[in-house]
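Below is one structure, written out as structure tokens; comments come after it.
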Number of protein chains: 2
Amino acid sequence: MRIGELSERTGTPRRLLRYYEEQGLIVADRLPNGYRVYDASNVDRVMQIRGLLDAGLPTRIIKQILPCLNKPRMIHFPDATPEMLETLENERDRMTDRIRCLTRNRDAVAEYLDVVREKLAAGSPA
Amino acid sequence: MRIGELSERTGTPRRLLRYYEEQGLIVADRLPNGYRVYDASNVDRVMQIRGLLDAGLPTRIIKQILPCLNKPRMIHFPDATPEMLETLENERDRMTDRIRCLTRNRDAVAEYLDVVREKLAAGSPA
DNA sequence: TCGAACCCTCACATTGATGTGAGGGTCAAG
DNA sequence: CTTGACCCTCACATCAATGTGAGGGTTCGA
């Protein structure tokens with residue numbers, strides 16, 4: 001598929017798909033006329049990227065993380081330098097922190113909403 | 001305490017504490033000379049703010065969420081407009097999405113690191 | 001052959017969270 | 001009184017993610 005279709009399928013502006021490529025997050029083949037071509041796997045990858053960006057990770061870190069996500073046998077670690085492993089460990093821990101923070105706050109918001117809804121339910125039938 | 005101490009206790013530059021105030025995330029009393037004064041509760045609140053910012057939430061949303069976090073009896077909902085409740089529900093769901101995304105990716109990174117560490121452990125004693 | 005709908009590469013603008021520093025008060029200790 | 005360590009308010013700078021559009025090719029069907 002070309003960039004327009006990938007854009008539609010992922011809900012991501014073309015501009016950003018080119019930006020992600022520039023940042024080394026995705027790769028695209030080129031047609032003889034210069035058009036980018038993508039295969040289906042890029043759809044999931046772009047979704048991953050968007051999710052991680054939305055969760056506060058910068059592209060620089062996402063770039064490190066993405067190679068870990070190739071489920072079908074990970075053959076991608078012989079090139080892992082010790083400093084890169086340290087980065088990954090740090091990021092793993094930071095992600096855990098984020099999860100904790102988000103969970104705590106999400107639960108608080110949810111509880112708040114539950115209480116409010118109770119109040120409203122108790123008030124309206126009166 | 002004054003801004004310097006709050007800055008130290010939270011590891012947050014003074015500049016940002018003023019910024020958070022400007023965005024309506026925290027409030028500060030003032031001494032007669034204009035200095036900001038904070039009480040201990042602000043330490044936790046600033047930590048919350050930093051955590052949420054780091055998790056990708058904009059100050060505008062954090063501002064909506066913070067009132068939900070006052071555990072000691074929430075007396076703060078009579079002013080809840082329906083549109084604000086909708087915002088909160090949306091945010092709650094987005095936070096859930098973020099948590100899912102982060103968890104999935106964190107687990108993948110963790111698994112990757114485990115595998116790499118196994119490989120290294122198997123290689124070094126040889 | 002013409003127009004619509006694609007695609008390309010710049011390149012400048014914006015927004016939100018920050019950094020940095022100038023210019024200037026306050027206040028306690030020497 | 002002066003110095004150092006605080007504090008204040010601007011205001012401009014930066015960085016990453018994103019918006020916008022100019023200027024220009026390609027392709028395909030009417």
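Quick note on labels: first sequence line is chain A, next is B, and so on, each numbered from 1.
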- Range on DNA chain C touched by chain B - first to last nucleotide, heavy-atom distance under 4.0 Å: C:dG16 to C:dC27
- side-chain hydrogen bond (donor to acceptor under 3.5 Å, both in side chains) with B:Glu89: which residues, sequence neighbours excluded? A:Arg117
- Could you identify which residues cluster with A:Val37, counting Ile, Leu, Val, Met, Phe, Trp and Tyr as linked when any side-chain heavy atoms lie under 4.5 Å apart, either directly or through a chain of such contacts? A:Leu31, A:Tyr35
- Near-strand residues of residues 20-33 of chain B, defined as heavy-atom separation under 4.0 angstrom from DNA chain C: B:Tyr20, B:Asn33
- Query: What distance do A:Leu17 atom CG and A:Ile26 atom CD1 have between them, rounded to the nearest 0.5 Å?
  - Reply: 5.5 Å
- Message: Under the salt bridge (charged side-chain N to carboxylate O under 4.0 Å, His left out) definition, can you give me all pairs with a residue in residues 9-18 of chain B, not counting sequence neighbours?
- Response: B:Glu5-B:Arg9
- Item | Residue pairs, two or more places apart or on separate chains, that pass salt bridge (charged side-chain N to carboxylate O under 4.0 Å, His left out) and touch residues 44-56 of chain B | A:Arg94-B:Asp54, A:Arg98-B:Asp54
- Query: With no angle test and no hydrogens, is the base of D:dG19 tied to the side chain of A:Tyr19 by a donor-acceptor pair under 3.5 Å?
  - Reply: no
- Note on the structure: Smallest heavy-atom separation, B:Thr12 atom then B:Leu16 atom, equals CG2-CB, 3.7 Å
- Quick check: does any side chain N or O of A:Ser7 sit under 3.5 Å from a backbone N or O of A:Ile3, one acting as donor and the other as acceptor? no
- Query: What pair of heavy atoms forms the shortest contact from B:Leu85 to A:Val116, and how long is it?
  - Reply: CD1-CG1, 3.8 Å
- Residue list, side-chain hydrogen bond (donor to acceptor under 3.5 Å, both in side chains) with A:Arg36, at least two apart or on another chain: A:Glu21
- Note on the structure: With five pairs defining each end axis, the helix from C:dT1-D:dA30 to C:dG30-D:dC1 comes out bent, to 10°, by 10°
- Task: Mark yes or no for whether A:Thr10, through its side chain, and A:Leu6, through its backbone, hold a donor-acceptor pair below 3.5 Å.
- Result: yes
- May I ask you to test the B:Tyr38-B:Val27 pair for a side-chain heavy-atom distance under 4.5 Å? no
- Note on the structure: d(B:Leu52 CG, A:Leu102 CG) to nearest 0.5 Å is 7.0 Å
- Query: Does a sphere of radius 6.0 Å around CZ in B:Arg60 hold more than 12 heavy atoms from other residues, nucleotides or ligands, not counting ones at 6.0 Å or beyond?
  - Reply: no
- Got a sec? Which of residues 2-17 of chain A come in under 4.0 Å of DNA chain C, heavy atoms? A:Arg2, A:Ile3, A:Gly4, A:Arg14, A:Arg15
- Task: Can you sort out which residues in residues 38-60 of chain A have a heavy atom within less than 4.0 Å of DNA chain C? Ascending by number, please.
- Result: none
- Item | Contacts of A:Thr96 that satisfy side-chain hydrogen bond (donor to acceptor under 3.5 Å, both in side chains) - sequence neighbours left out | B:Arg106
- Quick one: side-chain hydrogen bond (donor to acceptor under 3.5 Å, both in side chains) partners of B:Gln64, sequence neighbours excluded? none
